[in-house]
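We're numbering straight along the sequence, starting at 1.
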Amino acid sequence: MASDIDLAESDHDQMVSGRSLWGKSGIGPQWRPIGQSFTTDIAVIGGGITGALVAEHLTARGFSVVVIDREEPGFGSTAASTAMLQWETDSTLTELEDYYGFERAAGIYRRSGAAVAGLAKLIAANGIACGFRPRNTLYLAANREGARDLLEERQLRRRAGLPGVYLEHPDLFTQFELDRDGAIYSPGSAEADPLLLTWALIEMAVRRGARLVSASVTALNSEGDRVTAETDSGHLIDARHVVLATGYSLPGVDMPKLHRVSSSWALATVPQDPANFWRDRALIWENSHPYLYMRTTADNRIVAGGEDDETSDAAARDRKLPAKIIAIQEKMKRLWPKADTRVAHAWCGTFGETADGLPLIGPVPEIPHVFAAYGYGGNGITFSYLAAQMIGAMLAGMHRDWFEDFALDRDGPGLARFHSGMYRNETESQRR
């Protein structure tokens with residue numbers, strides 16, 4: 001039985017606007033227009049961080065791979081990422097327990113932590129110069145009620161064997177000079193330059209034989225044990241499997257009910273006096289909706305973002321950029337008065353997110369040999385690494401029960417209200 005996907009209506013040219021701070025140094029991999037039809041093991045559609053991680057891992061497993069993108073690699077949603085490589089998901093462990101039960105929720109958190117560690121090992125083993133630095137995280141309460149919630153969250157994390165400590169206001173103020181009612185302080189996260197990481201991973205895949213093709217895939221046809229990708233040039237790519245790493249949607253496919261689209265806004269300041277940074281340069285994010293998130297860079301800037309909302313129209317999103325940047329500046333200044341909030345870069349992007357804050361990874365239902373690799377969430381790059389590992393295992397014939405935690409058609413006792421259309425009003429996502 002044949003299955004077809006029409007990709008012609010994809011809108012990924014409008015994913016990002018403004019000017020992020022990434023991409024100032026170095027020249028990315030060279031992509032070539034498709035000149036003829038050909039055959040490959042795996043066709044990866046999308047040349048951002050997810051596609052790069054998938055291509056690197058699959059070539060390491062010995063598959064022949066082609067990476068296809070119609071724009072420069074990494075300049076879609078990857079260029080808009082603030083690349084806070086966290087293991088803590090957009091949904092707290094408490095929320096995930098409500099959705100899936102304690103054991104399943106705890107397993108998801110542990111695997112997210114293992115994914116950050118695995119990504120760090122990959123970067124170190126290959127000497128990838130991408131500004132990677134291990135960081136602790138500060139998960140801040142927005143108010144007294146939020147502080148109580150975080151204390152309960154830390155207790156649940158302790159039960160799951162997860163690292164971190166709860167800081168009450170006196171300790172938080174004394175140690176970090178942050179005037180909040182409480183916070184969870186956790187090790188095990190990191191930061192990086194997402195574009196340099198993407199380019200390095202693609203180059204690793206190319207050294208193992210991967211092909212980079214500049215083209216627009218207009219349709220997929222899955223029939224028998226093969227998938228044919230049609231391109232706008234009329235050439236065909238015949239593959240054993242296709243991996244969709246196209247950003248925030250499955251073009252031509254009905255998206256799962258868990259999925260929705262939202263937009264985020266971010267800025268990078270002028271360089272700061274390093275003496276004025278908060279302790280440890282920890283990754284900061286808030287337990288509020290919408291929330292503020294902040295990190296630092298190797299050249300001593302502060303990157304801050306948030307103000308997410310459900311805007312999906314690119315023109316409407318772009319019109320909001322000036323006001324959203326002012327709002328982020330004001331929140332940043334209230335939280336950290338030492339900050340020089342002058343803006344050097346400001347940008348915005350449209351992203352996918354899910355009701356449970358988890359990615360969409362695995363086979364696309366009813367379309368044989370086509371896989372989704374969508375690393376949604378505030379720790380999206382972490383989940384992109386996990387997607388590469390999972391899909392590599394699936395293609396090698398291995399299956400684990402926990403793969404279902406990230407399946408496109410996943411379910412759980414706490415998700416009934418989402419499947420009936422009752423989405424929770426929590427719109428922050430992928431941009432920490």
**OP:** Only counting residues at least two apart or in another chain, list the ones meeting side-chain hydrogen bond (donor to acceptor under 3.5 Å, both in side chains) with Arg154.
**Re:** none
Subject >> Note, Val213 side chain near Val67 side chain (heavy atom, < 4.5 Å) >> reply: no
**OP:** Using a 4.5 Å cut-off on heavy atoms from C-beta on, say whether the side chain of Arg226 contacts that of Thr39.
**Re:** yes
Subject >> Stepwise side-chain contact (heavy atoms from CB on, under 4.5 Å) test for Thr89 and Leu358 >> reply: CA-CA 7 Å; Thr89 76; Leu358 301 179; 4.3 Å; yes
Subject >> Lys331 bridged to Glu307 by N-O distance under 4.0 Å >> reply: yes
Subject >> Salt-bridge criterion met for Lys324 and Asp309 (N-O under 4.0 Å) >> reply: yes
Original post:
Would Arg410 count as a cation-pi partner of Tyr99, with NZ or CZ less than 6.0 Å from the six-membered ring centre and within 45° of the ring normal?
Top reply: no
Subject >> Close side-chain approach of Leu53 and Leu122, heavy atoms under 4.5 Å >> reply: yes
Subject >> Side-chain touch Leu212/Arg32, heavy atoms, less than 4.5 angstrom >> reply: no
Subject >> Between Gln272 and Thr269, a side-chain donor and acceptor under 3.5 Å >> reply: yes
**OP:** Would you mind telling me which of Gln329, His345, Arg301 makes a side chain to side chain contact (heavy atoms under 4.5 Å, CB included) with Leu267?
**Re:** Gln329
Original post:
Any side-chain heavy atom of Leu138 sitting closer than 4.5 Å to one from Asn136?
Top reply: no
Original post:
So does Arg70 pair up with Asp232, basic N to acidic O under 4.0 Å?
Top reply: no
Original post:
After noting the C-alpha distance and the side-chain angles of Tyr139 and Tyr185, does the key distance pass the ring-ring contact (aromatic ring centres under 6.0 Å, His included) rule?
Top reply: CA-CA 7 Å; Tyr139 188 23; Tyr185 185 50; over 10 Å; no
Original post:
Do the side chains of Ile34 and Ile237 get nearer than 4.5 Å, heavy atoms only?
Top reply: yes
Original post:
Any side-chain heavy atom of Trp199 sitting closer than 4.5 Å to one from Ile128?
Top reply: no
**OP:** Flag the pair Glu88 and Arg157 as a salt bridge only when some basic side-chain nitrogen lies within less than 4.0 angstrom of an acidic carboxylate oxygen.
**Re:** yes
**OP:** Take atom CG of Asp401 as the centre, draw a 6.0 Å sphere, and report whether it contains more than 12 heavy atoms from other residues, nucleotides or ligands.
**Re:** no
**OP:** In plain terms, say whether Glu191 and Arg135 are close enough for a salt bridge, that is, a side-chain N and a carboxylate O under 4.0 Å apart.
**Re:** yes
